[in-house]
Amino acid sequence: MSKKIQAIRGMNDLLPDQSPLWQYFEDQVRTLMRRYGYREIRTPIVEQTALFKRSIGEVTDIVEKEMYTFDDRNGDSLTLRPEGTAACVRAAMEHGLLHNQTQRLWYQGPMFRHERPQKGRYRQFHQVGIEAYGLDGPDIDAEVILLSARLWKQLGLDAHVTLELNSLGSPEARTAYRDTLVAYFERHHELLDEDSRRRLSSNPLRILDSKNPDMAEMLADAPQLLDHLDEASREHFEALKARLDAAGIAYRINPRLVRGLDYYSRTVFEWTTTALGSQGTVCAGGRYDGLVEQLGGKPTPAVGFALGVERLILLLETLELIPAESQRGPDAYLLAMGERAEREALLLGEQLRDALPGLSLQVHCGGGGFKSQIKKADRSGARLALILGEDELEQGQLTIKYLREEREQETLDQATAIDRLGERLD
RNA sequence: GUGGAUGUAGCUCAGUGGUAGAGCCCCGGAUUGUGGCUCCGGUGGUCGUGGGUUCGAUCCCCAUCAUCCACCCCA
């Protein structure tokens with residue numbers, strides 16, 4: 001038994017070496033959303049358990065065995081959100097955002113699922129998601145995909161991800177197909193492996209995905225989802241494909257692509273990569289026209305996606321696509337020699353920050369020899385060392401030493417030094 | 001939830017049934033006010049945790065916790 005208190009399994013600390021990369025990613029997302037006219041919504045990370053049961057589906061893995069559920073002090077059953085869509089719908093309905101209007105929303109934040117952690121899969125993980133409400137045409141499906149495609153391009157990932165596309169049809173068509181499929185599997189019950197027999201009741205569409213070679217022949221002859229679409233869904237799907245073609249977005253039709261959450265209908269898609277091992281999906285989404293009504297609202301078409309931040313960060317690291325400027329240190333490091341100068345340094349630091357709002361300045365604290373201070377200036381990653389020694393203090397001067405370029409250091413009046421610093425910024 | 005691998009210094013890892021090692025990092029010195037290279041010296045470990053076997057366990061055994069990988073599932 002370990003007595004040390006440590007982080008909860010599958011929940012990670014984000015350390016300072018890592019946070020610049022996250023901030024870079026988040027900045028990219030934020031500007032992208034603004035460019036497409038999506039507005040941010042923030043909801044609590046805890047909701048009533050019933051919200052997730054009713055939206056995600058009672059018999060899904062998430063609801064059956066992965067939710068962090070606990071009783072509030074008053075006896076209510078609460079759950080840490082396992083995904084973002086349900087809460088987004090709840091909040092939008094609760095505040096009348098869906099009343100007679102369309103909405104384009106995005107969100108970002110931690111999600112919680114009690115799964116066995118592995119590469120790219122954690123118990124607390126982060127998603128960025130978008131949700132568009134009140135629009136039922138293929139144009140908005142296409143926009144959502146175009147937005148995601150632009151993000152990959154911005155991040156330099158476009159050559160490393162693949163778009164997979166499918167349509168589940170209307171809920172009626174999907175249910176009918178599901179029955180047809182189950183009937184087919186039951187006729188071949190003796191060919192099903194143990195896993196597939198279990199899925200027969202929980203998620204029969206998943207059986208199509210089985211890698212078991214003994215079942216390959218039987219699966220090849222199974223009825224195809226795309227052959228059982230209702231007419232309206234088929235037209236919708238064709239129109240979406242046409243728009244993607246026109247925009248030059250490549251995709252692969254994957255008839256076996258089904259999503260794990262019950263609320264999807266019609267369009268479903270996934271962006272996948274082969275660079276992350278077995279957790280290859282970096283972004284997934286689709287249309288969920290029935291969800292708002294299912295949660296007690298008026299019938300409202302909706303489409304969206306969620307992307308896994310940890311997976312994308314991992315992908316950026318794996319492919320070495322981390323921009324250098326996201327890792328840089330302060331502009332300058334101010335060090336001081338001598339007791340009086342050390343006292344002055346803090347004040348001088350404030351004056352510099354007053355004069356140069358764009359300046360990132362680290363002031364040395366903790367004393368130490370000159371050599372060690374210079375060393376720390378270097379290690380901080382700063383481009384400039386600012387030296388306030390006894391000589392400079394006497395003369396009201398400051399020495400600027402260039403740590404990253406071949407250039408003589410210069411000792412200037414403090415006012416001149418501030419001007420020089422201003423020139424060196426940006 | 002199932003299977004496999006791994007836990008030794010802040011990090012990456014050697015190692016042996018008989019008192020614990022390297023490299024990097026950090027600190028100091030060679031150079032009373034000038035970093036990166038070099039050289040010298042130093043700090044730092046209840047060998048994941050608990051139990052068992054043993055004269056003696058970091059090493060062998062059991063349990064437990066954690067990490068990683070895969071299955072499953074998914075972002």
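Chain identifiers are assigned alphabetically (A, B, ...) following the order of the sequence lines, protein sequences preceding nucleic acid strands; residue numbering begins at 1 within each chain.
Heavy-atom minimum distance, A/L316 versus A/L155: CD2-O, 3.8 Å. Between A/S380 and A/Y333, the shortest heavy-atom contact is OG-CD1, 3.5 Å.
Contacts of A/L312 with the nucleic acid, taken as non-hydrogen atoms under 4.0 Å apart, are absent. Among the protein residues, A/K119 comes within range of the sugar-phosphate backbone only, with heavy atoms under 4.0 Å from sugar or phosphate atoms but none that close to a base. Among the atoms of the strands shown, only primed sugar atoms or phosphate atoms (P, OP1, OP2) are found under 4.0 Å from some heavy atom of A/K376. Among the protein residues, A/G10 comes within range of the sugar-phosphate backbone only, with heavy atoms under 4.0 Å from sugar or phosphate atoms but none that close to a base. Using a 4.0 Å heavy-atom distance criterion, A/A306 is classed as a sugar-phosphate-only contact. A/E390 comes within 4.0 angstrom of a nucleotide base, judged by non-hydrogen atoms across all strands. At the heavy-atom level, A/Q279 lies under 4.0 Å from base atoms of the strands shown. Nucleic acid contact class of A/G129 (heavy atoms, under 4.0 Å, all strands): none. Across all strands shown, A/Y333 has no heavy atoms under 4.0 Å from either base or sugar-phosphate atoms.
Taking atom P in both B/G18 and B/C60, one finds a spacing of 12 Å when rounded to whole Å. Taking atom C1' in both B/A9 and B/G23, the straight-line distance is 12 Å, to the nearest Å. Across the C1' atoms, B/C26 and B/C62 are found 40 Å apart, a figure rounded to whole Å. Distance check on atom P: B/U6 versus B/G15 gives 13 Å, rounded to whole Å. With both ends at atom C1', the span from B/A70 to B/G44 equals 37 Å, rounded to whole Å. The P atoms of B/A63 and B/U2 are separated by 14 Å, rounded to the nearest whole Å.
If you measure from atom NE2 of A/H364 to atom P of B/G35, you get 15 Å, rounded to the nearest angstrom. Computed from coordinates, the A/R256 CZ to B/C74 P distance equals 16 Å when rounded to whole Å. The distance from atom CZ of A/R379 to atom P of B/C24 is 12 Å, rounded to the nearest whole Å. Here the P atom of nucleotide B/U34 and the CG atom of A/L334 are 18 Å apart, to the nearest Å. Put simply, CZ on A/R116 is 8 Å from C1' on B/G1, counting in whole angstrom units. At whole-Å resolution of the value, CG in A/D61 and P in B/U2 are 15 Å apart.
Checking the phosphate oxygens (OP1, OP2) of B/C73, no side-chain nitrogen or oxygen of A/R113 falls inside 4.0 Å. Within the 4.0 Å cut-off from OP1 or OP2 of B/A70, at least one side-chain nitrogen or oxygen of A/Q118 is found. The side chain of A/S278 places an N or O atom within less than 4.0 Å of a non-bridging phosphate oxygen (OP1 or OP2) of B/C71.
In this model, a donor atom of one side chain and an acceptor atom of the other lie less than 3.5 Å apart for A/Y402 and A/E410.
Residues A/G280 and A/N12 each lie close to RNA chain B; by heavy-atom proximity, the contact nearer the 5' end of the strand is made by A/N12. Each of A/L403 and A/E270 was matched to the nucleotide of RNA chain B holding its nearest heavy atom; the match closer to the 5' end belongs to A/L403.
Here the CD-CG distance, from A/E310 to A/L276, works out to 12.0 Å after rounding to the nearest 0.5 Å.
Checking B/U6 for Watson-Crick or G-U wobble geometry (two distances, each under 3.5 Å) identifies B/A66 as its partner.
Using a distance-only test at 3.5 Å, with no hydrogens or angles considered, no donor-acceptor pair links the side chain of A/S233 to the main chain of A/L229.
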